[in-house]
Amino acid sequence: MKFAVFGSLGWAGSRHVEALTKMGHEIVALVDPGAGCAAQAAAIGALALASIDDLDLDSIEAATLALPPHLHPALTERLAKAGKHVMCEKPMASDSTEARRLADFAASVPVTIMPGYLLRCNPHIRGFLDALRDLGNIRRVHLSTNVRKPSMAGWRSEPVIGGALLVNAIHQLDLATWFVGESLTPRMAQLDNVHFDAPTEDTFFTSLVSPSGVTASVFSSWSPYPPVCDDGLMITDAGRLRIEAETDRGAIILTATGYRVNGEDVALLDVVGVNQFVRELEHFVDAIETGTPLWVTPEDNFNVQKLIEDCRAVAIPPAGRVQSRQAA
Ligand SMILES: NC(=O)c1ccc[n+]([C@@H]2O[C@H](COP(=O)([O-])OP(=O)(O)OC[C@H]3O[C@@H](n4cnc5c(N)ncnc54)[C@H](O)[C@@H]3O)[C@@H](O)[C@H]2O)c1
């Protein structure tokens, strides 16, 4: 399939480029105004473009977007209106109003528009969820990430589009909603600056409940020294994810090779070292080519962006910002 990658120089966009190259797709153009785009494009025989205005839309069939989130909606719509399929990184918009509009738009166009919640396509997480479902009614789930960050810089710490909640916990809130299979309402939420004196939080915690009484909790932290151990963790280069759940018939935790259910280790085949971006883009292409229903949709993106706003609305005021560790 013929692709353009928008934001190709960034953390996520460079991984889209790598994954599509590995999969053997043709990348027609890299679109990124940053220095280095020409060299990146030359290495894979693609055009280097600074803007969508320079792109011949007839030359591509699909695009991936990995941009500061407020840029996602307009580009997604412009590409889709030109008949192009779009895989757009999470969050697809900067707030739930825009996310709602985008979900309605996506439902009205004859192209595939998929948000980039790559954990939903990860065979490790999918295997864990199969085992969780086999364990009967879920009672409680906890998901936490500890992401290594030496500093908070760039758009990720800017108000409205940045912060540990919107940038990282978004994945866990999406997984929590998917695992529980019901809407979740926050009972409390905490957004604090534990490590960095920055305009947005480096630490987020929430306790949620579903209409049938399932409890979910989510913790996400950006830290220079994340606590990491080998057990019960899926180690990725983006951070450390831990998941544990209790059901009517037992307890299950995610492990580095699969999961542990009621004390028994189960290894999942071919999950260690899996390239999550390849798996995500394989599913995206499969959905386009075969009509397989998407595993994650713009509607799911709206639900999680709305949940983020619900968390902010109930957040307890911070006790006070800490003095920056770097300044101390
Ligand atoms: N799925 C994941 O696990 C994951 C991980 C990281 C980031 N993301 C998401 O990916 C998106 C990008 O994040 P990032 O960390 O890669 O950011 P980044 O800052 O590293 O990269 C963004 C890139 O976009 C480019 N850019 C800016 N304006 C542009 C425009 N108009 N057209 C084309 N390119 C433009 C910048 O030059 C930069 O190279 C965000 O939505 C983020 O939440 C997802």
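Computed from a predicted structure; not experimentally measured. Start at 1 and go down the list; that is how both ligands and their atoms are numbered. When a residue number appears, it is its place in the shown sequence, counting from 1.
- Between Thr64 and His16, the side chains place a donor N or O and an acceptor N or O closer than 3.5 Å (distance only, hydrogens not considered).
- Proximity annotation for atom 23 (C) of ligand 1: of Asp32, Asp53, Leu9, Asp32 comes nearest, heavy atoms only.
- A heavy-atom separation below 4.0 Å is not found between Arg15 and ligand 1.
- Looking at Asn301 and Gln305, their side chains do bring a donor and an acceptor atom within 3.5 Å of each other.
- Checked against a 3.5 angstrom limit, the closest N/O atoms of Leu67 and ligand 1 fall inside it.
- Close approach of ligand 1 to Ala12 (heavy-atom distance below 4.0 Å) involves ligand atoms 7 (C), 8 (N), 10 (O), 16 (O).
- Heavy-atom proximity to Gly116, at under 4.0 Å, picks out these atoms of ligand 1: 1 (N).
- Within the 4.0 Å heavy-atom cutoff, Pro91 counts among the residues contacting ligand 1.
- Judged by the shortest distance from any of its heavy atoms, Val31 lies inside the 4.0 Å radius around the atoms of ligand 1.
- When only modelled atom types and interatomic distance are considered, Glu182 and Ser212 share a side-chain donor-acceptor pair under 3.5 Å.
- For the 3.5 Å distance criterion, the side chains of Asp192 and Gln190 qualify, holding a donor opposite an acceptor.
- The closest side-chain donor-acceptor pair between Ser207 and Ser217, if any, does not fall under 3.5 angstrom.
- Close N/O approach between Pro33 and ligand 1 is not found [any backbone or side-chain N/O within under 3.5 Å].
- One side chain, Thr290 or Thr292, offers a donor N or O that lies under 3.5 Å from an acceptor on the other.
- Thr247 places no side-chain N or O within donor-acceptor distance of the main-chain N or O of Ile138, the cut-off being under 3.5 Å.
- At a 4.0 Å heavy-atom cut-off, ligand 1 touches Leu71 through the side chain alone.
- For His72, the heavy-atom gap to ligand 1 drops under 4.0 angstrom.
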